[in-house]
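Letters go in sequence order (proteins before strands), and every chain restarts at 1.
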Amino acid sequence: MELDKHYSPQAVEDKWYSYWMDKGFFDSTPDEREPFTIVIPPPNVTGVLHMGHMLNNTIQDVLIRKARMEGKNACWVPGTDHASIATEAKVVKMLAEKGIKKSDITRDEFLGHAWEWKNKYGGIILDQLKKLGASCDWKRTRFTMEEDLSNAVADVFVKLYNDGLIYRGTKMVNWDPAGKTTLSDEEVIYKETQSNLYYVTYKFTDETKHHFNNELGGLQVATTRPETIMGDVAICVNPNDERYKTLIGHTVIVPVVNRVVKVIADDYIDIEFGTGCLKVTPAHDENDYNIGEKHGLEIIDVLDDDGKIHARAGAYVGMDRFACRKQIVKDLEEQGLITKTEHIKNTVGHSERTDAVIEKKISTQWFVDMKEFLKRHPQVLSSVMNDEVKFYPSKFKNVYKHWLDNIKDWNISRQLWWGQRIPAWYDNQGNYVVAKTEVEAYEAFKNKNMTVAAGELKQDPDVVDTWFSSWLWPISVFDGFKEGDKKDYNYYYPTNDLVTGPDIIFFWVARMVMAGYAFNGQKPFNSVYFTGIVRDKLRRKMSKSLGNSPDPLELIEKYGADATRMGLLLSAPAGNDILYDESLIEQGRNFCNKIWNAYRLLAGWEVVDDTKVDATVLKSNQLANEWFKARLQTAVNDVHAAFKDYRLSEALMSVYKLVWDDFCSWYLEMVKPVYGEPINQSTMAEVKANFENILTLLQPFMPFISEELHHALYEGTPAKALIVTDFPKATEVVNLVDDKALAIIAEVRNLRNSKGLSPKVAFEVIVKTEQPANYQGWESIIQKLANVSAISYNADKPEKCISSLIGTDEMYIPYAEMLDEAEEKKKIAEEIDYLKGFLKSVDAKLSNEKFVANAKPEVIEKERQKKADAEEKIQKLESGLA
RNA sequence: GGGAGCUUAGCUCAGCUGGUUCAGAGCAUCUGCCUUACAAGCAGAGGGUCACUGGUUCGAACCCAGUAGCUCCCACCA
């Protein structure tokens with residue numbers, strides 16, 4: 001059968017994926033083997049595959065495939081995350097398109113729509129992972145909001161509450177006006193922003209003017225948020241500020257609402273900033289809130305949940321906060337109350353999910369007491385610091401520690417419907433208990449000797465933060481919280497590797513460690529591999545708005561999954577950002593093609609008995625085999641070493657060079673019969689075995705093409721599928737073959753090239769050496785690869801010839817036509833000069849007493865060897881010159 | 001404002017305990033080739049004051065100090 005010149009992935013990928021699935025190679029059940037477990041960072045159900053997922057899941061697949069081939073019971077658990085905010089927003093939007101408003105339907109109706117949506121679209125991203133070749137155990141697919149997992153969330157909530165680690169409290173929290181929910185501190189992204197600092201005049205009251213006045217007739221107050229003026233309840237200055245000392249205790253008039261407020265003093269105020277006067281708005285700023293508490297000030301929240309001005313403000317009611325800011329500035333300017341506008345840089349919090357500007361707001365929410373939590377579970381920090389849980393790269397240990405050292409309480413309640421509902425129950429007076437079920441809640445009230453009427457209790461309407469369920473993921477996917485035999489949990493947990501981005505180190509990684517130790521007394525994973533962030537060539541993050549984010553499925557369609565995987569892996573050393581460029585994937589495609597063509601070559605050979613082939617060819621093929629096997633083993637060892645430190649791009653590069661350079665460029669060329677000749681049977685067997693080993697090394701990285709060729713190699717009936725073939729083991733490299741013969745080939749090619757001669761010009765070669773054995777047997781290979789017509793040893797140096805050094809051996813090429821004596825002499829003289837300089841530096845070292853006294857013996861020995869070599873070379877060159 | 005990390009070839013990066021496997025790899029570039037597996041290819045070649053300045057050492061890309069630039073994380077300055 002004629003094979004196409006180019007490898008076409010489309011034809012083979014689906015075939016092998018179904019084959020693996022049908023044979024159950026991805027499935028895992030506990031047995032006597034050593035387990036190797038990875039749980040997927042569950043992508044959002046609403047998500048579609050992006051380049052970050054591609055990288056992340058390719059790495060997981062490489063790790064899991066290698067482990068599987070090493071005979072471990074490999075188990076990669078897939079699943080999705082319900083992603084409260086993102087999904088709820090999507091469903092709200094979808095309903096809006098149908099003309100349904102969330103506020104017009106009941107919670108149950110909404111959830112009905114949401115589940116319907118999830119069932120319809122929630123599997124898309126997992127199907128996309130299959131295209132990538134992900135070898136997940138799909139039978140184990142989990143979802144963070146399925147019943148068992150939600151039960152675990154409720155149990156954990158109740159437990160933490162009973163342990164005194166969850167409390168309900170009123171604090172200043174982050175409010176997302178777009179998502180209409182509170183957020184944890186981690187979900188607020190602070191961005192540096194160009195802002196205006198407005199200098200607003202607060203007029204003195206008549207009472208104040210008796211004591212103090214100025215040409216403005218008021219106090220200048222600097223603010224970036226004039227729209228909160230209606231919530232001002234005081235002006236605060238530093239007690240040591242000479243400018244305002246006499247004003248403390250007196251009053252000024254808040255513009256817009258004409259509220260009379262006091263000037264108070266607090267050390268918090270920075271005399272240098274702005275005018276040194278702060279307008280105090282306790283409802284909208286944490287510091288203002290603290291000042292307000294200290295000084296017993298009123299709290300006037302001027303915003304509603306949408307970020308619009310609330311009726312409480314008494315002005316601009318119903319206006320959007322940003323529109324209001326503009327309007328107020330305009331109005332105040334007209335009244336002459338804004339005297340200056342300064343451009344400053346400050347940081348403004350944005351919602352991680354909706355990107356809306358976050359408002360600070362006083363609210364009653366549920367919190368986890370993190371300081372106490374960590375006090376009770378010190379392993380959360382120590383396990384990472386002492387490498388019981390290993391971070392790759394380790395620099396993230398610092399980040400982790402710093403966060404834990406400065407941790408704040410975790411706000412876990414969200415004003416959403418899509419998620420696990422908070423297991424707290426309230427009576428009509430607002431008394432509450434925490435209980436998993438309504439029945440237990442009534443029971444709890446009774447136990448507290450409080451009477452409640454039947455049907456009176458109402459469950460808290462809020463749900464928990466999505467991460468409050470995700471942190472249980474490595475335990476809950478193995479039913480670690482469920483009553484029962486816990487066979488899976490005991491076998492698979494703790495998992496081996498977690499592969500994820502550093503952006504969720506606090507959201508998720510840290511909290512999984514917490515959950516692991518708190519709920520089961522064990523770490524969730526042995527190692528964490530932090531991938532980089534996928535960026536474009538210009539180091540910009542991939543984003544929809546920039547349009548620099550390619551559609552991964554189109555890439556797979558265009559170049560094939562193997563090529564895409566390779567392109568991503570090559571550019572992704574651990575922890576470094578990966579700079580995506582389509583040319584990398586082209587490189588992957590070219591590599592697939594190279595492997596494909598290597599197969600085409602040997603598939604075309606006619607095989608005959610060894611007896612039918614010349615003995616010198618047999619001998620040289622044997623040498624070629626030995627040579628290649630040593631190279632192969634070296635590469636295998638490199639691959640293992642690289643895997644040990646999760647340097648996957650280096651591992652792949654070792655295989656790449658092995659295949660392209662050692663296997664294709666050298667080995668196959670060595671054993672390739674001259675045109676029209678057959679290959680002997682034993683060599684063919686060796687070639688196949690070597691090719692097989694290469695495919696095995698490739699399988700974790702490029703599973704499709706390697707499986708395809710593995711089957712092709714055995715004409716469709718291999719003993720085993722490649723995916724479960726043993727991965728080559730690291731062992732000592734034996735039979736290191738001296739590759740002086742290769743040096744001759746390179747030198748001859750080089751000479752021909754530098755003289756501008758056609759490769760078709762054949763040379764005769766004479767080698768002067770004390771060790772002809774280094775070359776003997778390679779003659780036919782040298783002749784074939786370097787186009788040498790004849791090779792002989794230690795013959796007299798011809799009258800006219802080109803000479804060069806192969807190590808310390810000499811090589812002569814009698815080829816008068818290309819000899820330019822003058823130039824040749826010049827070159828040799830230059831070479832001698834260089835060597836003499838080199839020799840001088842070596843001599844300087846060796847005659848340095850301190851060097852000889854302090855350096856390690858092997859270093860000195862090396863220097864002596866260098867000296868001897870250089871001297872020998874110089875001597876030979878000089879005699880050649882003469 | 002605090003902390004961490006980085007700076008090696010045109011680009012992206014290796015370089016472990018200081019010592020010719022210490023100046024490397026891949027890509028890109030240049031030269032010559034449609035050689036009967038592959039032009040998505042073959043054979044070659046060029047290219048770096050290892051950010052800068054000092055120091056330690058017989059010896060520094062590597063250790064120390066300082067300088068400059070970049071990146072990330074954290075932080076309540078109106």
Side-chain angles (χ1 to χ4, degrees), chain A residues 3 5-7 172 190 197 221-225 236 268-270 272-281 285-290 344 346-347 349 360 393 395-399 401-403 405-406 502-503 505-506 533 537 539 559 563 570-571 573 575-579 581 583-584 586-587 589-605 641 645 647 649-650 653-654 656-657 664-665 668-669 672 674-676 745-746 749-754 756-760 785-787 838 842 844-845 848-856 858-860 862-863 865-866:
Chain A
L3 290 169
K5 262 165 78 162
H6 293 155
Y7 167 64
M172 187 150 261
Y190 287 91
L197 184 63
V221 176
T223 179
T224 51
R225 302 209 55 194
C236 193
Y268 163 76
I269 302 300
D270 177 358
E272 304 295 320
F273 191 92
T275 59
C277 298
L278 172 76
K279 72 188 210 40
V280 184
T281 323
D285 185 279
E286 191 149 9
N287 297 307
D288 291 21
Y289 176 73
N290 293 337
I344 59 158
N346 64 348
T347 51
K360 289 283 176 176
K395 66 178 174 186
F396 288 111
K397 283 163 76 172
N398 293 325
V399 178
K401 179 174 193 304
H402 184 258
W403 184 73
D405 287 346
N406 297 286
D503 49 334
I505 183 169
F506 310 136
I533 293 167
K537 257 198 294 194
R539 287 193 185 270
Y559 296 103
L570 269 188
S571 55
N576 279 9
D577 283 354
I578 96 145
L579 269 43
D581 183 12
S583 67
L584 287 164
E586 277 176 33
Q587 195 183 344
R589 184 219 27 206
N590 294 354
F591 186 46
C592 288
N593 205 40
K594 187 74 185 172
I595 303 163
W596 175 252
N597 275 290
Y599 171 73
R600 268 183 78 208
L601 175 64
L602 62 98
W605 287 337
D645 301 327
R647 300 189 316 249
S649 60
E650 282 180 45
M653 185 47 71
S654 295
Y656 178 80
K657 284 193 276 196
C664 292
S665 294
L668 286 182
E669 292 297 334
K672 180 162 124 185
V674 291
Y675 187 60
I745 294 170
R749 284 169 171 176
N750 189 359
L751 281 174
R752 193 182 279 117
N753 232 314
S754 66
L757 292 172
S758 158
K760 286 175 182 151
L785 267 57
N787 192 14
F838 177 73
V842 175
K845 257 191 214 175
N848 182 332
E849 277 172 38
K850 285 184 174 168
F851 172 73
V852 180
N854 294 323
K856 281 180 270 181
E858 57 267 33
V859 173
I860 297 173
K862 259 185 202 166
E863 292 297 317
Q865 189 58 47
K866 282 193 279 180

> Reading nucleotides 55-64 of chain B from the 5' end, what letters show protein touch, with B for base, S for backbone sugar-phosphate only, - for no heavy atom under 4.0 Å?
---B------

> Within a strict 4.5 Å, meaning less than it, do heavy atoms of the Asp285(A) and Lys360(A) side chains meet?
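In short, these two side chains do not touch, never coming nearer than 4.5 Å.
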
> So which one's nearest nucleotide on RNA chain B is more toward 5', Tyr675(A) or Lys657(A)?
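It is Lys657(A) whose nearest nucleotide is closer to the 5' end.
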
> Can you list everything that forms a side chain to side chain contact (heavy atoms under 4.5 Å, CB included) with Lys850(A)? Sequence neighbours excluded, please.
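Applying side chain to side chain contact (heavy atoms under 4.5 Å, CB included) to Lys850(A) gives Asn848(A), Asn854(A).
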
> Can you tell me how far the NZ atom of Lys401(A) sits from the NZ atom of Lys397(A), to the nearest 0.5 Å?
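Separation between the atoms: 11.5 Å.
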
> Taking the P atom of each, how far is U7(B) from C52(B), in whole Å?
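Roughly 13 Å separates the two P atoms.
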
> Using the P atoms only, state how far A4(B) lies from A45(B), rounded to an integer number of Å.
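46 Å, rounded to whole Å.
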
> What contact category does Ser665(A) fall into here, base, sugar-phosphate, or nothing, at under 4.0 angstrom with non-hydrogen atoms?
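It contacts sugar-phosphate atoms only.
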
> What nucleotide among A39(B), A37(B), A75(B) has an atom nearest to a side-chain atom of Thr347(A)?
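In terms of side-chain proximity for Thr347(A), the closest of A39(B), A37(B), A75(B) is A75(B).
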
> Could you tell me how far apart Ile595(A) (CD1) and A40(B) (P) are, to the nearest whole angstrom?
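Computing the Ile595(A):CD1 to A40(B):P distance gives 17 Å.
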
> For A45(B), take OP1 and OP2 only and decide whether either is under 4.0 Å from a side-chain N or O of Ser754(A).
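It does not, given that no N or O in the side chain of Ser754(A) lies less than 4.0 Å from OP1 or OP2 of A45(B).
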
> Taking atom P in both C63(B) and G15(B), compute the distance separating them and give it to the nearest angstrom.
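Each nucleotide's P atom is 12 Å from the other's.
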
> Measure the distance from CD1 on Ile533(A) to P on C73(B) and round it to the nearest whole Å.
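Rounded to whole Å, this separation is 7 Å.
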
> A37(B), A78(B), C42(B): which one has an atom nearest the side-chain heavy atoms of Thr223(A)?
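Ranking A37(B), A78(B), C42(B) by closest atom to the Thr223(A) side chain puts A78(B) first.
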
> Counting only N and O atoms by type, is there a donor-acceptor contact under 3.5 Å from the side chain of Asn406(A) to the main-chain atoms of His402(A)?
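The answer is yes, because a donor-acceptor pair under 3.5 Å joins these two groups.
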
> Of the nucleotides A45(B), C77(B), A39(B), which one has an atom closest to the side chain of Phe273(A)?
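Side chain of Phe273(A) sits closest to C77(B).
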
> Roughly how far, to the nearest 0.5 Å, is the CZ atom of Arg752(A) from the CG atom of Leu757(A)?
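Going from CG on Leu757(A) over to CZ on Arg752(A), the span is 7.5 Å.
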
> Rounding to an integer number of Å, can you tell me how far Arg225(A) CZ sits from C77(B) C1'?
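Checked: the CZ to C1' distance equals 15 Å.
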
> Given side chains that start at C-beta, do those of Lys866(A) and Glu863(A) come closer than 4.5 Å, heavy atoms only?
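Answer yes - side chains close enough.
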
> Do Tyr599(A) and Leu3(A) make a side-chain contact, defined as non-hydrogen atoms from C-beta onward lying under 4.5 Å apart?
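Yes, their side chains come closer than 4.5 Å.
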
> Does Glu669(A) make a side-chain donor-acceptor contact with the base of A37(B), cut-off 3.5 Å?
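Indeed, a donor on one side and an acceptor on the other fall under 3.5 Å apart.
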
> Going from OH on Tyr268(A) to CG on Leu278(A), what distance comes out if it is rounded to the nearest 0.5 angstrom?
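Tyr268(A) OH to Leu278(A) CG: 6.5 Å, rounded to 0.5 Å.
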
> Mind checking the CZ-CE spacing from Arg647(A) to Met653(A)? Nearest 0.5 Å is all I need.
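The distance works out to 13.5 Å.
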
> Work out how far the C1' atom of A60(B) is from that of G19(B), and round it to whole angstrom.
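Between the two C1' atoms, the distance is 10 Å.
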
> Taking only the side-chain heavy atoms of Met653(A) (C-beta and beyond), determine which of A37(B), G26(B), A40(B) contains the nearest atom.
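It is G26(B).
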
> Under 3.5 Å, is there a donor-acceptor pair between the side chain of Asn597(A) and the main chain of Asn593(A)?
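Yes.
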
> Without decimals, in angstroms, what is the distance between Trp596(A) CH2 and C38(B) C1'?
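In whole Å, C38(B) C1' lies 12 Å from Trp596(A) CH2.
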
> So if I define the base as every atom that isn't primed, P, OP1 or OP2, how would nucleotides 1-11 of chain B read as a B/S/- string at a heavy-atom cutoff under 4.0 Å?
---S-------

> Using whole Å, report how far NZ of Lys672(A) lies from C1' of G41(B).
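Spelled out: NZ on Lys672(A) to C1' on G41(B) is 12 Å.
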
> Rounding to an integer number of Å, can you tell me how far Arg589(A) CZ sits from G41(B) P?
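Distance check: Arg589(A) CZ to G41(B) P gives 8 Å.
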
> Rounding to a whole Å, what distance do you find between Asp405(A):CG and C74(B):P?
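Value for this atom pair: 15 Å.
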
> Using Watson-Crick pairs (N1 to N3, plus N6-O4 or O6-N4) and G-U wobble pairs, both distances under 3.5 Å, which stems of at least 3 pairs involve RNA chain B?
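RNA chain B forms these stems: B:1-7 with B:68-74, B:10-13 with B:24-27, B:29-33 with B:41-45, B:51-55 with B:63-67.
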
> C42(B) and U57(B): how far apart are their C1' atoms, nearest whole angstrom?
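To the nearest whole Å, 49 Å.
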
> How long is the straight-line distance from CG of Asn590(A) back to CD1 of Ile595(A), given to the nearest 0.5 Å?
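Rounded to the nearest 0.5 Å, the CD1-CG separation comes out at 11.0 Å.
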
> With sequence neighbours excluded, what pairs up with Leu785(A) under the side chain to side chain contact (heavy atoms under 4.5 Å, CB included) test?
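By the side chain to side chain contact (heavy atoms under 4.5 Å, CB included) rule, Leu785(A) matches Trp666(A), Glu669(A), Met670(A), Ile745(A), Arg749(A), Ile781(A).
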
> Just checking Glu286(A): base, sugar-phosphate only, or nothing, at a heavy-atom cut-off of under 4.0 Å?
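Nothing: the residue Glu286(A), judged by heavy atoms under 4.0 Å, touches no strand.
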
> Please give the distance between the P atoms of G2(B) and U21(B) as a whole number of Å.
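Roughly 46 Å separates the two P atoms.
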
> Heavy atoms only, 4.0 Å cut-off, all strands: where does Asn750(A) land among base, sugar-phosphate and nothing?
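The answer is sugar-phosphate, as Asn750(A) gets under 4.0 Å only of primed atoms, P, OP1 or OP2.
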
> Strictly below 4.0 Å: does Asn597(A) bring a side-chain N or O up to OP1 or OP2 of G41(B)?
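No.
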
> Please work out if Glu586(A) contacts a base, only the sugar-phosphate, or nothing of the nucleic acid, heavy-atom cut-off 4.0 Å.
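Since no nucleic acid heavy atom lies under 4.0 Å of Glu586(A), the category is nothing.
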
> Please determine, for the side chain of Tyr268(A), which listed nucleotide (C76(B), A43(B), C27(B)) has the closest atom?
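Per side-chain heavy atoms of Tyr268(A), the pick is C76(B).
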
> Using the glycosidic torsion, which applies to U53(B): syn (within 90° of 0) or anti (everything else)?
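The base of U53(B) is oriented anti (glycosidic angle more than 90° from 0).
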
> As an exercise, state the distance from NZ of Lys657(A) to OG of Ser665(A), rounded to the nearest 0.5 Å.
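So the NZ of Lys657(A) and the OG of Ser665(A) are separated by 13.0 Å.
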
> Please work out if Cys592(A) contacts a base, only the sugar-phosphate, or nothing of the nucleic acid, heavy-atom cut-off 4.0 Å.
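Answer is nothing: Cys592(A) stays at 4.0 Å or more from every strand.
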
> Between the base of C38(B) and the side chain of Lys5(A), is one N or O donor paired with an acceptor at under 3.5 angstrom?
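There is none.
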
> With sequence neighbours left out, what residues match Thr275(A) under side chain to side chain contact (heavy atoms under 4.5 Å, CB included)?
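Per chain and number, Thr275(A) pairs via side chain to side chain contact (heavy atoms under 4.5 Å, CB included) with Tyr199(A), Gln220(A), Tyr244(A), Cys277(A).
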
> Once you measure the plane-to-plane angle for Tyr7(A) and Trp596(A), does it fall in the parallel (<30°), tilted (30-60°) or perpendicular (>60°) bin?
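Tyr7(A) and Trp596(A): tilted rings.
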
> Nearest whole Å is fine: how far is A28(B) C1' from Leu584(A) CG?
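Rounding to the nearest Å, CG of Leu584(A) and C1' of A28(B) are 12 Å apart.
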
> When the P atoms of A51(B) and C13(B) are considered, how many whole Å apart are they?
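Their P atoms lie roughly 15 Å apart.
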
> If you assign Asn753(A) and Asn346(A) each to the RNA chain B nucleotide with the nearest heavy atom, which residue ends up on the more 5' nucleotide?
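Here Asn753(A) is the residue nearer the 5' end.
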
> If I pick the C1' atom on G5(B) and the same atom on U17(B), what distance separates them, to the nearest angstrom?
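22 Å, rounded to whole Å.
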
> From C-beta outward on Phe506(A), which listed nucleotide comes closest to its side chain: U12(B), C74(B), C38(B)?
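Given the options U12(B), C74(B), C38(B), the side chain of Phe506(A) is closest to C74(B).
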
> Side chain of Lys862(A) only, please: which of U35(B), C77(B), U21(B) is the nearest?
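Side chain of Lys862(A) sits closest to U21(B).
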
> Counting heavy atoms from C-beta on, name the nucleotide in U21(B), C77(B), C38(B) closest to the side chain of Asn593(A).
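Selected nucleotide (nearest to the side chain): C38(B).
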
> I want to check one thing: is the phosphate of G44(B), taken as OP1 and OP2, less than 4.0 Å away from some side-chain N or O of Arg749(A)?
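Arg749(A) to G44(B) OP1/OP2: side-chain N or O found under 4.0 Å.
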
> Check every atom of G26(B), C77(B), A37(B) against the side chain of Tyr656(A) and return the nucleotide holding the closest atom.
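My answer, after comparing the listed nucleotides, is G26(B).
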
